Protein chains: 2
Amino acid sequence: MARPRKFDETHALTAAMETFWRRGYEATSTRNLSDSTGLGQSSLYNTFGDKRELYLRALRHYYETHTAEQTALLDRPGPVKERLRDLMVHAVDTDLADPEASGCFTINASVEKADSDDEVREEVRRHFTTVERALTETIARGQRSGEISPERSAGTLARQILSTYYGLRVLARIQKDRDALLGIVESTVSAL
Amino acid sequence: MARPRKFDETHALTAAMETFWRRGYEATSTRNLSDSTGLGQSSLYNTFGDKRELYLRALRHYYETHTAEQTALLDRPGPVKERLRDLMVHAVDTDLADPEASGCFTINASVEKADSDDEVREEVRRHFTTVERALTETIARGQRSGEISPERSAGTLARQILSTYYGLRVLARIQKDRDALLGIVESTVSAL
DNA sequence: CGTATTTTGGAGCGAGCGCACGGAAACTCG
DNA sequence: CGAGTTTCCGTGCGCTCGCTCCAAAATACG
């Protein structure tokens with residue numbers, strides 16, 4: 001019925017996500033997005049709306065790919081403490097593997113834009129809540145199986161892990177000493 | 001010998017720091033800085049150099065005022081666990097008290113600008129290291145007095161607290177439930 | 001009081017920003 | 001193959017950006 005697109009929308013969205021992820025919202029220009037996606041400016045605007053809408057789409061895409069991957073690590077079978085350790089070790093290793101890496105996009109969005117944009121804040125909250133819930137379920141499972149003491153509530157322990165986890169991802173931006181970071185992980189897991 | 005300044009340099013620096021802190025580096029224009037400090041553009045450039053230099057000055061000013069305040073909380077006398085609790089509770093309360101608050105400037109700088117600016121990264125590292133060292137000393141003191149088990153090294157425990165602490169400050173941007181946040185603090189302190 | 005020196009305020013520079021637009025191009029379908 | 005529809009690409013608009021410059025203003029000193 002009309003001229004077909006010569007790009008894949010998901011590929012373009014992934015490229016835009018990586019650009020926002022690495023450079024942040026303000027430091028990313030629409031030319032940067034045009035370059036990294038390979039789309040012309042008008043195609044960008046036709047497909048995704050304006051810069052802010054594309055940022056929100058990128059953040060949601062991060063949820064569907066990366067946040068989902070994090071909770072998937074927790075939902076796997078096996079000893080619960082190993083699942084929790086996997087989550088954190090995986091984060092440390094991906095943060096350290098790529099020198100261009102830019103931590104966790106959700107945290108970046110939370111710091112740079114959640115204050116000034118209600119929709120961004122709600123989206124960030126959704127990410128946080130999803131990970132927190134996955135952690136709570138995992139810990140509750142561990143408490144039922146006896147791997148984790150039921151002394152403190154699963155919710156409190158989950159928030160404690162969540163806090164350590166996000167702190168790790170902030171520290172890992174500066175502190176590149178893998179052993180020090182893994183020491184945090186071990187100490188946290190063994191304290192459960 | 002010449003026309004005297006009609007502003008106080010420290011006051012201007014404090015105002016600039018608060019602007020960068022709240023809005024971030026990229027979203028802050030030199031007009032914003034001119035407005036918040038009350039200085040004309042030429043006075044700003046005469047006194048502080050360009051925008052980036054002013055940002056570095058602001059970050060160092062944060063170190064001397066706010067980071068120093070954090071370590072001062074730890075250096076006070078009294079039970080060690082109370083000192084650690086104070087540090088975290090104080091952060092939660094200041095983050096929640098002011099709806100305009102924007103978390104921890106060091107974390108913000110780490111997320112927005114440490115990747116792309118070596119001097120910012122070194123300054124952020126200095127903040128992190130200072131808090132980590134203060135935590136290590138505090139925990140070592142607790143181990144000597146018997147308040148904290150010497151099973152795990154003071155350095156590892158310090159980094160664990162540091163991680164939780166920074167995670168708390170990220171979470172507090174979104175999660176405004178004081179009881180949930182304080183639950184993290186209690187759980188962390190009681191696990192020592 | 002005149003001169004030297006520094007600060008101040010405001011205008012304005014070139015560059016890059018987000019975004020819009022219009023015509024050419026590439027398809028589907030009658 | 002022509003009509004209709006959507007996408008693509010380049011140009012450029014209005015604006016704001018970081019930063020500079022300069023003349024007026026305000027002091028200290030001989």
Side-chain angles (χ1 to χ4, degrees), chain A residues 1-59 108-109 112-113 115-120, chain B residues 1-61 108-109 112-113 115-120:
Chain A
M1 206 50 157
R3 176 174 176 171
R5 284 184 179 163
K6 68 174 181 186
F7 66 90
D8 178 67
E9 188 169 320
T10 303
H11 285 165
L13 184 54
T14 301
M17 178 191 78
E18 284 169 355
T19 303
F20 276 132
W21 187 357
R22 266 199 270 277
R23 302 174 55 93
Y25 180 82
E26 294 289 348
T28 299
S29 73
T30 55
R31 269 88 171 172
N32 292 150
L33 293 166
S34 184
D35 289 346
S36 66
T37 59
L39 274 67
Q41 302 250 63
S42 61
S43 295
L44 269 182
Y45 278 81
N46 254 334
T47 311
F48 299 109
D50 64 12
K51 181 184 172 184
R52 180 181 162 279
E53 287 182 69
L54 178 51
Y55 184 78
L56 278 167
R57 286 282 303 268
L59 201 51
N108 301 359
E112 190 190 0
K113 223 169 153 34
D115 275 355
S116 60
D117 190 315
D118 290 347
E119 284 193 74
V120 170
Chain B
M1 201 56 147
R3 176 173 177 170
R5 286 184 178 163
K6 68 174 180 187
F7 66 92
D8 177 65
E9 188 169 320
T10 302
H11 285 166
L13 185 54
T14 300
M17 178 191 76
E18 284 169 354
T19 304
F20 277 131
W21 187 357
R22 265 199 271 277
R23 303 174 54 93
Y25 179 83
E26 294 289 347
T28 298
S29 73
T30 54
R31 269 88 172 172
N32 293 148
L33 293 166
S34 184
D35 289 347
S36 66
T37 58
L39 274 67
Q41 302 248 65
S42 59
S43 296
L44 269 182
Y45 278 82
N46 254 334
T47 312
F48 298 109
D50 64 12
K51 182 185 173 185
R52 179 181 163 279
E53 286 182 71
L54 178 50
Y55 184 77
L56 277 167
R57 286 282 303 267
L59 200 50
R60 292 182 182 124
H61 190 58
N108 301 0
E112 189 189 1
K113 223 168 154 32
D115 274 356
S116 59
D117 191 313
D118 290 348
E119 283 193 74
V120 171

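Keep in mind that this is a model prediction, so the values were computed, not measured. Below, chains carry the letters A, B, ... as their sequence lines are ordered, and counting in each starts from 1.
Whole-Å rounding puts the A:E9 CD to D:dC8 P distance at 11 Å. Rounded to an integer number of Å, the gap from CG of A:L33 to P of C:dG18 is 8 Å. One atom, CZ of A:F7, and another, P of D:dC9, lie 10 Å apart when rounded to the nearest Å. Computed from coordinates, the B:L44 CG to C:dT6 P distance equals 20 Å when rounded to whole Å. The distance between atom OH of A:Y55 and atom P of C:dC17, rounded to the nearest whole Å, is 18 Å.
By the 30° and 60° cut-offs, the orientation of the rings of B:Y25 relative to B:F20 is parallel.
Under the rule for a side-chain contact (heavy atoms from CB on, under 4.5 Å), the partners of A:R57 that lie at least two apart in sequence or sit in another chain are A:E9, A:L13, A:F48. Applying the side-chain contact (heavy atoms from CB on, under 4.5 Å) rule to B:D117 yields the partners B:R52, B:K113, B:E119, B:V120; only residues at least two apart in sequence or on another chain are considered.
Looking at A:E53, its side chain never comes within 3.5 Å of a backbone N or O of A:Y45 through a donor-acceptor pair. Formation of a donor-acceptor pair under 3.5 Å by the B:S34 side chain with backbone atoms of B:L39 is found in this model. At distances below 3.5 Å, not a single donor-acceptor pair connects side-chain atoms of A:N46 with backbone N or O atoms of A:S43.
Contact annotation for B:N46: base contact, defined as any heavy-atom pair under 4.0 Å involving a base atom.
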Can you build the contact string for nucleotides 14-24 of chain D? Use B for base contact, S for sugar-phosphate-only contact, and - for no protein heavy atom under 4.0 Å.
---BBBBB--B
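An OP1 or OP2 oxygen of D:dT7 is reached within less than 4.0 angstrom by no side-chain nitrogen or oxygen of A:S43.
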